[in-house]
Peer 1: 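So that we are looking at the same thing, I have put the structure below in structure tokens.
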Amino acid sequence: MTDTVVVDPDSHLSQAELAAKHGLTVAGARPGLAAYTRRLWSYRHFISAYANARIVSSFSTTRLGRLWQVLTPLTNAAVYYLIFGVVLNTKADVPNFIAYLCTGLFVFVFSQTAIQGGVQAISGNLGLIRALQFPRACLPIAVTLTQFSNMVASLVVLVGIVLVTGEPVTIQWLIVVPALLLQSVFNAGVAMIVARLGAKLADLKQLIPFIMRTWMYASGVLYSVALFERHLPEWATRVLESNPLLVYIELMRHALLEGAPLASSVPVLWALAAGWALVAGIGGFVYFWLGEQEYGRG
Amino acid sequence: MAERIPTIVADNVHVVYRVHGAGTPGTGSPVAGLRRLVTRSRPPTIREVHAIKGVSFTAYRGEAIGLIGTNGSGKSTLLRAVAGLLPVDRGALYAMGQPSLLGVNAALMNDLSGERNVELGCLAMGMSKAQVRDQTPKIIEFSGINDRGDFSSLPMRTYSSGMAARLRFSIAAAKRHDVLLIDEALATGDAQFRRRSEARVRDLRSDAGTVFLVSHTMASIVDTCERSIWLESGVIRADGPTDEVVKQYEDFAKRK
């Protein structure tokens with residue numbers, strides 16, 4: 001109605017032509033992969049602030065606060081020590097079993113919590129997603145970052161356990177840094193994959209605990225990896241030995257423990273660790289980006 | 001007269017919601033779930049709602065547009081689509097820059113202090129760290145949550161709903177937007193804050209932006225917007241000067 005009063009030079013244009021003439025873009029269109037990556041980079045402070053906020057808010061009603069970041073892995077280690085060290089007295093073929101067990105456990109828990117958080121990264125943040133426009137990949141990455149911070153706290157506990165159980169400090173400890181970084185990339189990739197799946201399929205959240213438990217048994221967390229060779233056919237052992245979580249656990253054991261039995265040789269482990277990080281990291285990112293417009297719908 | 005620059009162009013926009021978990025009684029039992037798996041039928045818990053049915057309009061720079069209509073007429077859905085938060089089913093929506101939606105249900109983190117939420121909200125809007133540092137005290141001052149003691153360092157869960165809404169409005173209004181979409185946000189807060197936020201909306205408009213306002217309070221539409229769009233069941237019933245559209249709408253509401 002107002003438009004008929006004003007003499008408008010654009011009045012003969014169709015809506016689409018009008019939009020094109022003034023350089024308007026389609027609202028909420030998915031940017032290209034390179035542009036998306038750049039946007040994500042410009043949101044890095046948001047990612048770290050959000051990851052930090054999640055840690056603070058998860059402990060905000062507890063009395064001990066962030067001390068739980070250290071207490072949780074410590075309690076975990078104590079429980080496993082009680083069961084496997086005292087009650088069952090498992091020694092198997094591993095010299096320093098408690099340190100061996102805790103290393104496996106903490107590395108595994110890092111991936112487990114990142115994946116569990118990833119499933120809900122979209123579905124649990126619909127309010128934020130429907131209110132603000134930002135690259136959604138921020139959310140699963142922030143989940144991984146939160147768990148990374150927990151992992152660093154676990155690592156402090158782990159170093160304590162390793163030292164107490166009589167392992168020497170060696171130059172090999174430096175391996176921890178690249179191993180942890182590769183695992184973080186892997187975790188972020190998987191978190192992005194499950195975030196997209198979890199956004200579409202709420203049932204996934206119910207399944208994840210079982211998937212993760214199976215994965216834990218397949219990763220030699222609670223027993224020596226030598227067990228696989230003895231009880232499984234050749235091909236199944238090969239498959240299990242290239243399991244990414246087993247690879248990251250083995251690397252960490254190789255770094256911290258003297259004389260821990262390894263399933264594969266060290267160069268093979270590195271190749272697998274880097275390969276999995278690349279495949280999951282890039283694959284997960286692209287897969288998540290492809291679904292960018294779907295998040296927050298319905 | 002200067003050339004009018006469009007900021008939002010809507011071309012025959014349709015929005016369809018897929019609602020999960022809207023099952024009718026009796027379909028949620030485990031047996032029914034199993035039967036669906038076997039027969040491969042679609043779960044009845046997913047229903048489609050055709051919320052916007054072919055809407056076209058053009059919004060220009062410096063305009064404040066009121067969106068009115070009865071509950072469930074599709075106003076909020078339209079805003080979400082304009083903000084790019086809901087995909088358009090058919091038709092197209094073009095926008096200048098990134099429209100920002102300011103709703104009463106914009107989620108902040110309830111366990112964090114107001115101050116941390118301001119920081120997080122600003123970063124999520126894409127501000128740089130330096131901008132955030134600069135803006136945080138201003139935002140807290142504008143929101144007025146510190147008028148009765150130091151509330152900004154308390155967790156958001158201790159805030160009253162009015163205080164939380166004020167803080168959310170203040171965060172979103174801190175950034176200069178090409179297009180700002182306000183969903184019922186001005187209705188919250190007391191009279192003093194409403195005056196302040198209406199003044200802020202006028203500022204934003206004079207910064208050559210476009211403001212969309214959804215409200216059931218006709219007074220705030222009449223005060224802030226010179227143009228209004230009346231939406232009913234996902235269709236535009238009227239689009240024009242606010243006083244005319246509001247009058248038509250009120251006649252319609254009375255007849256009902």
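Heavy atoms only: backbone and side chains are in, while hydrogens, waters and symmetry mates are out. Naming convention: chains lettered A, B, ... in sequence-line order (proteins, then strands); numbering from 1 in each chain.
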Peer 1: From Asn125(A) CG over to Tyr295(A) OH, what is the distance, rounded to the nearest 0.5 angstrom?
Peer 2: 13.5 Å
Peer 1: Using non-hydrogen atoms only, which part of Arg30(A) is less than 4.5 Å away from chain B: side chain, backbone, both, or neither?
Peer 2: neither
Peer 1: When you measure from the side chain of Thr242(B) to the backbone of Arg227(B), do you find a donor-acceptor pair of N or O atoms at a distance under 3.5 Å?
Peer 2: yes
Peer 1: With distance as the sole test, does Thr158(B) use its side chain to make a donor-acceptor pair with the main-chain N or O of Pro155(B) at under 3.5 Å?
Peer 2: yes
Peer 1: Please classify the contact between Arg54(A) and chain B as side chain, backbone, both or neither, with a heavy-atom cut-off of under 4.5 Å.
Peer 2: both
Peer 1: Select one option (side chain, backbone, both, neither) describing which atoms of Ala124(B) are under 4.5 Å from chain A's heavy atoms.
Peer 2: both
Peer 1: Without swapping roles, check the side chain of Glu63(B) against the backbone of Tyr60(B) for a donor-acceptor pair under 3.5 Å.
Peer 2: yes
Peer 1: Tell me, side chain or backbone of Ile47(A) under 4.5 Å from chain B's heavy atoms, or both, or neither?
Peer 2: neither
Peer 1: Using 0.5 Å steps for rounding, measure from the CG atom of Leu74(A) to the CD atom of Gln69(A).
Peer 2: 13.5 Å
Peer 1: Contact part of Tyr43(A) toward chain B, heavy-atom cut-off under 4.5 Å: side chain, backbone, both or neither?
Peer 2: side chain
